[in-house]
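Worksheet for the structure shown next.
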Amino acid sequence: MKTKGIHHITAMVGDAQENLAFYGKLLGLRFVKKTVNFDDPGTYHFYFGNESGAPGTIITFFPFKGIQKGTVGTGQVGVTAYAIPEGSYLFWQNRLSEHGVSYEETERFGERYIAFEDPHGLKIELVERASGENSRYEIDSITTDVALKGFAGATLYSHEPVETARLLSETFGLKRTKRTETIDRYESDGELGNTVDVAHGNLPIGRPGMGTVHHIAWRADDEADQIEWMKEVNRFGLLTTEVKDRNYFTSIYFHDAGRILHEIATDTPGFDVDEPFESLGESLKLPEQFEVHRGAIEAHVEPITVEKGTLV
Ligand code: ZN
């Protein structure tokens with residue numbers, strides 16, 4: 001079996017409005033779903049992606065105001081990388097500078113990266129990639145020829161890099177394509193979210209909290225495929241949770257030996273299952289079981305203002 005690559009990445013952050021301003025405006029992603037954490041309905045769960053929130057483009061957040069800052073380190077996805085269209089590197093340098101976001105330029109495997117942190121400490125990179133379709137969502141001065149396409153990939157900080165790498169190759173069907181002394185690259189056949197770097201060496205142990213990734217989700221086609229994935233993970237020697245209904249996909253979860261929390265999520269049904277494509281993200285969507293508590297939930301979560309872009 002082979003996954004197409006990353007489905008989504010989920011992180012813990014601080015203030016909800018700051019999170020929206022950064023991803024929905026400064027980075028220009030489309031805010032595709034405003035809902036609550038299905039396991040903790042008193043808190044928001046935000047989803048951002050390309051125009052439709054396609055698998056491989058989705059970053060999701062649990063914003064908790066006043067949460068303690070975490071430490072990026074082993075047992076986590078250390079860095080989340082976005083693919084930007086070729087020729088847009090300078091645009092993004094300028095945009096970050098204009099908005100007072102300091103960045104570094106780094107290089108690995110022959111590609112140059114713009115590396116920075118979001119307002120809550122999450123580590124983000126931008127890298128030019130030819131693969132992957134341009135987003136069809138525009139906001140502010142971010143036109144489709146420069147807009148983030150979706151994930152390039154992620155760098156995993158494993159507590160047991162050899163074991164995490166074995167999971168990627170033996171279970172997920174990724175191929176090791178490049179290697180240095182400190183980092184190995186694995187690739188899937190997908191167009192986006194298809195390069196996964198596994199860091200080796202002396203990294204600090206991660207502590208969950210604001211500015212850290214909670215889990216990384218990999219793509220399964222549909223619910224039947226997901227059951228096969230569950231068996232595949234079991235064959236590798238790891239136990240998964242039961243299938244959980246996340247409304248926009250179904251999920252199973254498990255930890256690897258390197259303490260990273262993985263999820264396998266289905267490509268179907270997607271974000272237009274409970275609101276029209278044209279107005280994704282505009283109203284608070286709740287799963288059926290929480291609709292009876294809508295009044296209490298709406299009174300509890302902090303009001304936010306969403307700036308809308310244009311579908312092209
Ligand atoms: Zn998830």
Side-chain angles (χ1 to χ4, degrees), residues 3-13 16 19 23 29-41 43-50 52-64 70 75-82 118 120 122 124 150-151 153-154 156 164 167-168 171-172 188 190 192-193 196 206 208-223 225-227 229-230 233 238-256 258-271 273-274 280-281 285-287 290:
T3 178
K4 292 190 183 76
I6 300 167
H7 182 284
H8 67 265
I9 288 174
T10 295
M12 288 170 281
V13 291
N19 177 252
Y23 291 90
L29 295 172
R30 187 176 187 201
F31 184 52
V32 292
K33 194 63 65 182
K34 176 166 69 165
T35 184
V36 294
N37 183 342
F38 289 10
D39 300 322
D40 175 17
T43 60
Y44 276 130
H45 194 180
F46 290 168
Y47 291 76
F48 298 85
N50 68 351
S52 64
T57 76
I58 313 157
I59 192 160
T60 100
F61 296 101
F62 298 127
F64 298 99
Q76 297 171 353
V77 171
V79 190
T80 300
Y82 275 100
D118 84 356
H120 304 125
L122 199 71
I124 303 287
F151 295 126
L156 308 187
T164 297
L167 174 76
L168 297 182
T171 298
F172 293 152
S188 70
L192 290 168
V196 183
M210 183 176 81
T212 62
V213 169
H214 186 260
H215 64 265
I216 181 166
W218 305 92
R219 291 175 65 180
D221 295 338
D222 51 28
E223 290 186 50
D225 189 36
Q226 183 166 61
I227 298 301
W229 276 112
M230 186 187 260
V233 172
L238 297 170
L239 280 180
T240 71
T241 62
E242 75 279 15
V243 176
K244 293 180 191 275
D245 183 2
R246 299 315 194 188
N247 246 7
Y248 315 108
F249 42 84
T250 60
S251 302
I252 56 173
Y253 302 83
F254 61 97
H255 280 97
D256 72 11
R259 300 183 187 171
I260 294 172
L261 180 57
H262 298 264
E263 171 182 350
I264 295 174
T266 54
D267 281 4
T268 53
F271 293 103
V273 73
D274 61 357
L280 288 177
K285 304 310 292 185
L286 297 175
F290 296 144

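Just so you know, ligand 1 is whichever comes first in the structure, and atom 1 is the first atom listed for that ligand. The analysis underlying the following values was restricted to heavy atoms, covering all of them including side chains, and did not include hydrogens, waters or symmetry mates.
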Exercise for the section: Would you check if there is a donor-acceptor pair between the side chains of T250 and D245 at a distance under 3.5 Å? Expected result: no
Problem - Within-2.8 Å protein N/O/S contacts of the Zn ion (ligand 1) - result: H8 NE2, H215 NE2, E263 OE1
Problem - Side-chain H-bond candidate by donor/acceptor type, H120 with N19, under 3.5 Å - result: no
Fill in the blank from the handout: With sequence neighbours left out, the residues meeting side-chain hydrogen bond (donor to acceptor under 3.5 Å, both in side chains) with R246 are D39, Y253
Problem - Aromatic plane relationship, H45 with F62 - under 30° parallel, 30 to 60° tilted, over 60° perpendicular - result: tilted
Handout entry: E263 versus H8, side-chain donor and acceptor atoms under 3.5 Å
Key = yes
Handout entry: Parallel, tilted or perpendicular: ring planes of F61 versus Y23, cut at 30 and 60 degrees
Key = tilted
